[in-house]
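Working notes for the structure below.
Residue numbering restarts at 1 for every chain, and letters A, B, ... go by the order of the sequence lines.
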2 protein chains.
Amino acid sequence: MNKNQALPWENPRFHNWIAVARACQVMGLSLARALQPLDLKPPHLDILVNLFRAPGISQQDLADKLLVGRSNLSMLLPQLEKRGLLVRRGDPQDRRILRLELTPSGTDVTLQAIAIQSELIDRTMKTASTDECNLVGEVMTRIIHELTRPDTVEEGQADEPGRKKA
Amino acid sequence: MNKNQALPWENPRFHNWIAVARACQVMGLSLARALQPLDLKPPHLDILVNLFRAPGISQQDLADKLLVGRSNLSMLLPQLEKRGLLVRRGDPQDRRILRLELTPSGTDVTLQAIAIQSELIDRTMKTASTDECNLVGEVMTRIIHELTRPDTVEEGQADEPGRKKA
DNA sequence: ACAGAATTGTACAACCATGAACAAAAATCA
DNA sequence: TGATTTTTGTTCATGGTTGTACAATTCTGT
């Protein structure tokens, strides 16, 4: 039991990551509250932003970007479509695919939501200098690459988050 | 509409935070996979670790620490109790309170889970130097304080995450 | 002491997310 | 061409999370 560090709380890597995780959690809660007036939740915002930046994307590609399952989108997208925020148009070239696009009203809501999120993030991150901020982003990018390296991810045939890339 | 920054993608604070959020997401997915052999999910680990560090804590205090609702714990704790990982003992001083404690078997599982999590975090954070790592943690701590400042949180009387402190 | 307020944990309905099984369409390959 | 495999999206059962309503207990103020 004592051949390696039994309790990792004095390990800087460990407790510093715990701080990252907690910051994400409180940011998520704050964002959820800030989005309430628009009747949106963070997952909805993720969808809308990706549609804003990549109009015409398919549901599968969107699921890959968001790291969620296709079934998730199959449940959420009809709701947003009924609210008139987006449309799903069949692709004549490949009739399996539904291409997603924001409606004008959806674009409007998306811009409002982005403004809310941006304001929240800006206020929050003002506690760090630009240099610190950039360093944090750089470290996080390295972490993402480390965790998505194909040889450390090796996984099965699931429908769900983190599939093998075509 | 153009009185402020319409699209914040060239804002360093914004896109660097997006990197933080994504890193947390992939870390969460990796942790969930790494915990599968123990038949635990990240929320279970959060509970066990807090019981390990604060034996005898009440459900309410635990919910406050985890930033989840009491009802959440009322659903999860009986499962873990049935698995023999913890016990809920009534407090003779205050008969409303159930005090939580790990069983020996629960302590054993918790130590295994912590080892798994610690290994994952250590491998991941090795992509950053100790100084970078500490700076990240410091920035995150500032962010947490900013987001939990009482005057910016002002909220209602909900049962759920982020209540006013007694 | 006692009435009203506050706190702790539970029960339940609603919603969200996941993974497996499925149908339709396209790609592959003999 | 025709058979097999792959890809895309849906459906459904399961389980996780939230918020509300509630019973039991303790606290507060008079």
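In this structure, B/K82 places its NZ atom 13 Å from P of D/dG15, rounding to the nearest Å. Straight-line distance from the CG atom of B/L66 to the C1' atom of D/dT17: 13 Å, rounded to whole Å. To the nearest angstrom, P of C/dA11 lies 13 Å from CD of B/Q79. Here the C1' atom of nucleotide D/dT7 and the CD atom of A/Q93 are 17 Å apart, to the nearest Å. C/dA17 atom C1' lies 13 Å from atom CD of B/Q25, rounded to whole Å. The distance from atom CZ of B/R70 to atom P of C/dC12 is 17 Å, rounded to the nearest whole Å. At whole-Å resolution of the value, CG in B/N72 and C1' in C/dT10 are 13 Å apart. Distance CD (A/Q59) to P (D/dT11): 11 Å, rounded to an integer number of Å.
Nearest-nucleotide positions on DNA chain D place A/P78 closer to the 5' end than the other of B/H44 and A/P78. Each of B/D94 and A/R99 lies near DNA chain D, and the nucleotide nearest A/R99 is the one positioned closer to the 5' end. The 5' end of DNA chain C is approached more closely, in terms of each residue's nearest nucleotide, by B/D61 than by the other of A/D91 and B/D61.
In this structure, B/L73 reaches neither bases nor backbone, as no heavy-atom distance under 4.0 Å exists between it and the strands shown. Residue A/R88 is classed as a sugar-phosphate contact, given heavy-atom separations below 4.0 Å to backbone atoms only.
A donor-acceptor contact shorter than 3.5 Å is absent between the side chain of B/R123 and the backbone of B/S118. With hydrogens and angles ignored, the 3.5 Å screen pairs no side-chain donor or acceptor of A/R99 with any backbone N or O of A/Q59.
When the nucleotides D/dT18, C/dG9, D/dT25 are ranked by their closest atom to the side chain of B/V68, D/dT18 comes out on top. With D/dG16, D/dT8, C/dT18 as the choices, the nucleotide that has an atom nearest any side-chain atom of A/Q60 turns out to be D/dT8. Side-chain proximity of B/R96 to C/dA24, D/dT25, C/dC16: nearest is D/dT25. Relative to the side chain of A/I97, the nucleotides D/dT8, D/dT10, C/dA25 differ in distance, and D/dT8 lies closest. Residue A/M75 places its side chain closer to D/dC12 than to any other of D/dC12, D/dT10, C/dG9.
Atom CG in B/N16 sits 12.0 Å away from atom CD in A/E132 (nearest 0.5 Å). Taken to the nearest 0.5 Å, the CE atom of B/M125 stands 11.0 Å off from the CZ atom of A/F14.
In terms of polar N and O atoms assigned as donor or acceptor, the side chain of A/S71 comes within less than 3.5 Å of the base of C/dG19 in a complementary pairing.
The phosphate of C/dT8 (OP1 or OP2) has no side-chain N or O of B/R95 nearer than 4.0 angstrom.
Side-chain contact annotation: A/E138 with A/N134, donor-acceptor N/O pair under 3.5 Å absent.
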